[in-house]
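Just below is one structure, and these are the notes that go with it.
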Amino acid sequence: MADISQHLQEQVLHARDGGHKLNIVGGGTKAFMGREADPDAGTLSVGEHTGIVEYHPVELVLTVRAGTPLSDIEATLAEQGQALHFEPPRLGAASTIGGTLAANLSGPSRPWTGSVRDQVLGIRLLNGKGEHLRFGGQVMKNVAGYDVSRLQAGAMGSLGLITEISLKVMPKPAASMTLVQDMSMEEVIRYMNSRSAEPKPITGACWVDGKVYLRLSGARSAVEATADKWSGDVMEQGEKFWQSVQDMQHEFFAGNDVPLWRFSVGSTAANPKLEGDWFIDWSGAQRWYRGSGELKDMEPLAKAAGGQVSLFRGGDRSGEVMHHQPEALKGIQRRLKNAFDPDNIFNPGRLYSWL
């Protein structure tokens, strides 16, 4: 455990005075995300800024430094029978909570328990002027104007260096069970959405390799009653399967030879007509595709399905990898960037070439 915020602040001020750029690095497990990092920029490492600042189990609030590994947080919460319900993906042993928020990553339960953005109560942030600012707090509904804390979700460090995060935590479910059965991709979208619409304790719904997996979590009586009513076989070691999905360790995600695309679309939309391997998650709202292609060709397919697409891993990362934004939204993002990082110090071009 270490608070190196003053050292980090000094680095930011030095970079600003010298006209230098900085690439923010935590555990290094998400280096493949976004566009290529600026090779001429220096490194601002938050990996040693670790430790739990405050934890109030009764109030379900945790405040932690941004470089703290997810594994440390989960171990601390488990001692109190609690967890992060957005199920942050551990893309490696060094995965940090700051990187999880910056990349806006959430696990299989996201449609039912909320995303990392939804669980953030407040943050501390070093802006491009070297000011150490605090936004939000430790309770819900504490924001007027721009919700700066949640603006960090998916900003990829472009608005500043997150140093501290306050999060809502929740009790672990009393019981969990996974049902699995064979089903074609043509059938599964309707099936998963139908199940998700029922008032049952569902916390996971995905499809891969011709099988649909439904996870039930909550009170034991509710889980068992639902399992008796629904079709499908009870999967042995179901939690191991969901952990592999959460951490992107399932064999579908193995290897970097073929580009991995992430479609965030309407859960009931027909699947894009692309030949290749698919992994459908979030009851149809998140769809992973493995295949070669170009962003300009993928975007119309995503738009037709009511969403957006990004080149998540692999492929050409020198160009744009995120779905193109309309000019009005670009204008807002540029103004936010200018307000928080007027000298464009942090992660230049990492999210978009124009930001």
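Note that these values count all heavy atoms, side chains included, but never hydrogens, waters or copies made by symmetry.
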(request) Report the residues that fulfil side-chain hydrogen bond (donor to acceptor under 3.5 Å, both in side chains) with Ser196, sequence neighbours left out, ordered by chain and then residue number. (result) Ser283
(message) Testing the basics here: between Met156 and Ala103, what is the closest heavy-atom pair and its distance to 0.1 Å?
(response) SD-CA, 4.0 Å
(message) I'd like to know if the side chain of Lys337 and the backbone of Ser158 have a donor-acceptor N/O pair within less than 3.5 Å.
(response) yes
(message) Counting only heavy atoms not in Lys200 (residues, nucleotides, ligands), do more than 12 fall under 6.0 Å from its NZ?
(response) yes
(message) Within the 4.5 Å heavy-atom criterion, are Asn104 and Arg117 side-chain neighbours or not?
(response) yes
(message) Just to verify, what does Trp230 make a ring-ring contact (aromatic ring centres under 6.0 Å, His included) with, not counting sequence neighbours?
(response) none
(message) Taking transitive links into account, so neighbours of neighbours count too, which hydrophobic residues share a cluster with Val53 at under 4.5 Å side-chain distance?
(response) none
(message) Determine whether a donor-acceptor pair (N or O, by modelled atom type, separation under 3.5 Å) exists between the side chain of Arg65 and the backbone of His49.
(response) no
(request) Using only heavy-atom distances, determine whether the side chains of Gln181 and Tyr213 contain a donor-acceptor pair under 3.5 Å. (result) no
(message) Could you measure the distance from the CG atom of Leu214 to the SG atom of Cys206? Nearest 0.5 Å is fine.
(response) 8.5 Å
(message) Does either side chain, that of Ser109 or that of His85, offer a donor lying less than 3.5 Å from an acceptor on the other one?
(response) no
(request) Kindly determine whether Asn127 and His132 satisfy side-chain contact (heavy atoms from CB on, under 4.5 Å), including the steps that lead there. (result) CA-CA 7 Å; Asn127 68 6; His132 205 181; over 6 Å; no
(message) Counting C-beta onward and ignoring hydrogens, is there a side-chain heavy-atom pair between Glu54 and Val61 closer than 4.5 Å?
(response) no
(request) Could you list the residues that satisfy ring-ring contact (aromatic ring centres under 6.0 Å, His included) with Phe312, not counting sequence neighbours? (result) Phe32, Trp288
(request) Mind checking the CG-CG spacing from Leu62 to Leu84? Nearest 0.5 Å is all I need. (result) 7.0 Å
(message) Within the 4.5 Å heavy-atom criterion, are Leu311 and Pro259 side-chain neighbours or not?
(response) yes
(message) Side chains of Thr113 and Met170, heavy atoms from C-beta outward: is any pair under 4.5 Å?
(response) no
(request) Quick one: do Gln325 and Gln333 satisfy side-chain contact (heavy atoms from CB on, under 4.5 Å)? Show the steps, please. (result) CA-CA 10 Å; Gln325 300 300 311; Gln333 291 176 317; 4.0 Å; yes
(request) Would you please say whether a donor-acceptor pair under 3.5 Å links the side chains of Ser106 and Ser115? (result) no
(message) When you compare the side chains of Trp261 and Ser310, does any donor N or O come within less than 3.5 Å of an acceptor on the partner?
(response) no
(message) Under the side chain to side chain contact (heavy atoms under 4.5 Å, CB included) test against Ile123, which residue among Leu167, Leu133, Leu101 passes?
(response) Leu101
(message) Is any side-chain heavy atom of Pro108 closer than 4.5 Å to one of Thr203?
(response) no
Donor-acceptor pairs under 3.5 Å, side chain of residues 294-301 to any protein atom, not counting sequence neighbours: which ones?
unit_1 : atom_1 : unit_2 : atom_2 : d
Glu299 : OE1    : His324 : ND1    : 3.3
Glu299 : OE2    : His324 : N      : 2.7
Glu299 : OE2    : His324 : ND1    : 2.7

(request) Look up atom CZ in Arg335 and atom CZ in Phe340, then write down how far apart they are to the nearest 0.5 Å. (result) 13.5 Å
(message) Determine whether a donor-acceptor pair (N or O, by modelled atom type, separation under 3.5 Å) exists between the side chain of Arg16 and the backbone of Asp343.
(response) no
(request) State which residues pass salt bridge (charged side-chain N to carboxylate O under 4.0 Å, His left out) with Glu48; sequence neighbours excluded, sorted by chain then number. (result) none
(request) Using ring-ring contact (aromatic ring centres under 6.0 Å, His included) as the criterion, list what pairs up with Trp278, not counting sequence neighbours. (result) Phe263, Tyr289
(message) Please determine whether salt bridge (charged side-chain N to carboxylate O under 4.0 Å, His left out) holds for the pair Lys172 and Glu239, giving the CA-CA distance in whole Å, both sets of side-chain angles, and the decisive distance to 0.1 Å.
(response) CA-CA 13 Å; Lys172 281 184 147 185; Glu239 284 305 299; over 6 Å; no
(request) For the residue pair Glu74 and Ser71, confirm or rule out a side-chain donor-acceptor distance under 3.5 Å. (result) no
(request) Specify the closest pair of heavy atoms between Leu179 and Gly232, including all atoms of both residues, with the distance to one decimal. (result) CD2-O, 4.0 Å
(request) Report the C-alpha distance between Asn193 and Ser267 in whole Å, list the side-chain angles of each, state the deciding distance to 0.1 Å, and finish with yes or no for side-chain hydrogen bond (donor to acceptor under 3.5 Å, both in side chains). (result) CA-CA 7 Å; Asn193 277 275; Ser267 63; 2.8 Å; yes
(message) With side-chain hydrogen bond (donor to acceptor under 3.5 Å, both in side chains) as the criterion, how do Tyr55 and Gln82 come out once you've worked through the C-alpha distance, each side chain's angles and the decisive distance to 0.1 Å?
(response) CA-CA 11 Å; Tyr55 176 33; Gln82 297 179 347; 2.5 Å; yes
(message) Under a 3.5 Å distance rule, please check whether Arg287 uses its side chain to pair with a backbone N or O of Val265 as donor and acceptor.
(response) no
(message) Once rounded to the nearest 0.5 Å, what's the spacing between atom CE of Met185 and atom CG of Asp209?
(response) 11.5 Å
(request) Determine whether Leu159 and Val148 make a side-chain contact, defined as any pair of heavy atoms from C-beta on separated by less than 4.5 Å. (result) no
(request) Check Ile24 against Gly157 and note the closest heavy-atom contact, atom names and distance. (result) CD1-O, 3.7 Å
(message) If I take atom CZ from residue Arg215 and atom CH2 from residue Trp112, how far apart are they, to the nearest 0.5 angstrom?
(response) 8.0 Å
(request) Determine whether Asn344 and Lys21 make a side-chain contact, defined as any pair of heavy atoms from C-beta on separated by less than 4.5 Å. (result) yes
(message) With no hydrogens and no angle check, just 3.5 Å: does a side-chain donor-acceptor pair link Thr163 and Arg124?
(response) no
(request) Not counting sequence neighbours, which residues clear ring-ring contact (aromatic ring centres under 6.0 Å, His included) with His250? List them please. (result) Phe241, Phe279
(message) Going by the rule side-chain hydrogen bond (donor to acceptor under 3.5 Å, both in side chains), which residues pair with Arg290 if we only count those two or more places apart in sequence or in a different chain?
(response) none
(request) Apply side chain to side chain contact (heavy atoms under 4.5 Å, CB included) to His7 and list each qualifying residue two or more places apart in sequence or on a separate chain. (result) Ile4, Glu10, Gln11
(message) Within the 4.5 Å heavy-atom criterion, are Gln286 and Arg262 side-chain neighbours or not?
(response) yes
(message) Please determine whether a side-chain nitrogen of the Lys or Arg among Glu186 and Lys273 lies less than 4.0 Å from a carboxylate oxygen of the Asp or Glu.
(response) no
(request) Ignoring hydrogens and angles, tell me if any N or O in the side chain of Asp3 forms a donor-acceptor pair with the backbone of Ser5 under 3.5 Å. (result) yes
(request) For Asn23, enumerate each residue passing the side-chain hydrogen bond (donor to acceptor under 3.5 Å, both in side chains) test, keeping only those at least two apart in sequence or located in another chain. (result) none
(request) Determine yes or no for a side-chain-to-main-chain donor-acceptor pair under 3.5 angstrom, with Asn347 supplying the side chain and Arg350 the backbone. (result) no
(request) Not counting sequence neighbours, which residues clear salt bridge (charged side-chain N to carboxylate O under 4.0 Å, His left out) with Arg134? List them please. (result) Glu164
(message) Using only atom types and a distance under 3.5 Å, with no angle test, would you say the side chain of Thr226 pairs donor to acceptor with the backbone of Ala222?
(response) yes
(request) Give, for atom CD1 of Ile189 and atom CG of Asn271, the distance between the pair rounded to the nearest 0.5 Å. (result) 6.0 Å
(message) When you compare the side chains of Gln246 and Arg90, does any donor N or O come within less than 3.5 Å of an acceptor on the partner?
(response) no
